[in-house]
Amino acid sequence: MVGIVLMTAVGGVMWLIFTAMLALAIVAFVMAAIFREDAYRAADKQNKGFWLIILGVAVAVNLFVPMLFLQLAGLVATIVFFVDVRPALQQVSGGKGFRRRRGSSSDGPYGPWNGGR
């Protein structure tokens with residue numbers, strides 16, 4: 001009886017982990033699709049098609065192929081996109097992305113900077 005309860009709990013945790021991996025891959029795929037092609041070249045990263053294929057395969061593997069090795073490879077690609085490619089793309093795009101900065105370039109964190117007047 002205890003074994004069945006433990007297996008059910010482990011299965012629930014694994015389902016949450018796989019769902020989180022799928023969600024991350026989908027978000028990375030959408031973000032990769034949003035950035036312009038020339039931003040990839042300017043950031044000196046692989047081209048947009050490469051990342052769309054890699055992240056699209058990661059989404060497909062998480063949805064249809066229950067092989068942990070392939071799912072982990074997709075997770076690695078997703079993490080690389082989030083920690084390396086996305087920040088570089090945001091930097092060459094002027095910080096545009098999901099967190100768009102509003103206001104003047106002279107605005108500080110607490111409002112406009114008036115030059116010490």
Side-chain angles (χ1 to χ4, degrees):
M1 185 67 179
V2 173
I4 293 173
V5 172
L6 287 176
M7 289 301 291
T8 304
V10 169
V13 169
M14 292 304 290
W15 181 83
L16 286 174
I17 290 172
F18 291 139
T19 304
M21 288 170 48
L22 174 63
L24 282 174
I26 290 171
V27 169
F29 181 80
V30 169
M31 286 182 175
I34 288 174
F35 284 105
R36 295 173 23 175
E37 173 67 36
D38 59 344
Y40 287 88
R41 287 191 304 267
D44 198 27
K45 301 297 175 187
Q46 292 289 335
N47 61 14
K48 184 175 184 174
F50 173 84
W51 282 106
L52 288 177
I53 289 170
I54 294 295
L55 296 171
V57 167
V59 170
V61 163
N62 280 312
L63 278 175
F64 303 115
V65 182
M67 294 179 67
L68 183 62
F69 175 73
L70 293 176
Q71 289 173 327
L72 290 176
L75 179 64
V76 168
T78 302
I79 291 171
V80 167
F81 180 81
F82 274 119
V83 299
D84 183 39
V85 177
R86 182 176 160 258
L89 293 174
Q90 284 181 326
Q91 185 177 13
V92 299
S93 298
K96 293 181 181 165
F98 288 98
R99 284 188 273 152
R100 293 196 175 145
R101 185 164 186 233
R102 308 257 188 238
S104 171
S105 62
S106 65
D107 285 353
Y110 304 109
W113 183 71
N114 61 6
R117 289 184 254 162

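Computed from a predicted structure; not experimentally measured.
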For the backbone of A32 and the side chain of Y40, can you confirm whether one donor and one acceptor N or O come within less than 3.5 Å of each other? yes
Would you say the side-chain atoms of K48 pair up with the backbone N or O of A33, donor to acceptor, closer than 3.5 Å? yes
With rounding to the nearest 0.5 Å, note down the distance linking OG1 in T78 to CZ in R86. 13.0 Å
Take I54 and F81, measure what side-chain contact (heavy atoms from CB on, under 4.5 Å) needs, and give me the verdict at the end. CA-CA 10 Å; I54 294 295; F81 180 81; over 6 Å; no
Roughly how far apart are L55 CG and M31 CE, rounded to 0.5 Å? 11.0 Å
Please determine which of L68, V76, L70 meets the side chain to side chain contact (heavy atoms under 4.5 Å, CB included) test together with L72. L68
Heavy-atom side-chain contact between M67 and V61 under 4.5 Å: no
Taking all non-hydrogen atoms of both residues into account, name the closest pair between F82 and L24 and its distance. CE1-O, 3.7 Å
Can you see which heavy atom on A88 is nearest to which on K45, and at what distance? CB-CE, 3.7 Å
Give me the atom names and distance for the closest heavy-atom approach of Q46 to F50. CB-CD2, 3.3 Å
Working to the nearest 0.5 angstrom, can you tell me the gap between I26 CD1 and L63 CG? 6.0 Å
Does F35 reach the side chain of V85, with side-chain heavy atoms less than 4.5 Å apart? no
Rounded to the nearest 0.5 Å, how far apart are CD1 of I17 and CG of L22? 14.0 Å
Closest approach of A58 and G74, non-hydrogen atoms and distance? CB-CA, 3.7 Å
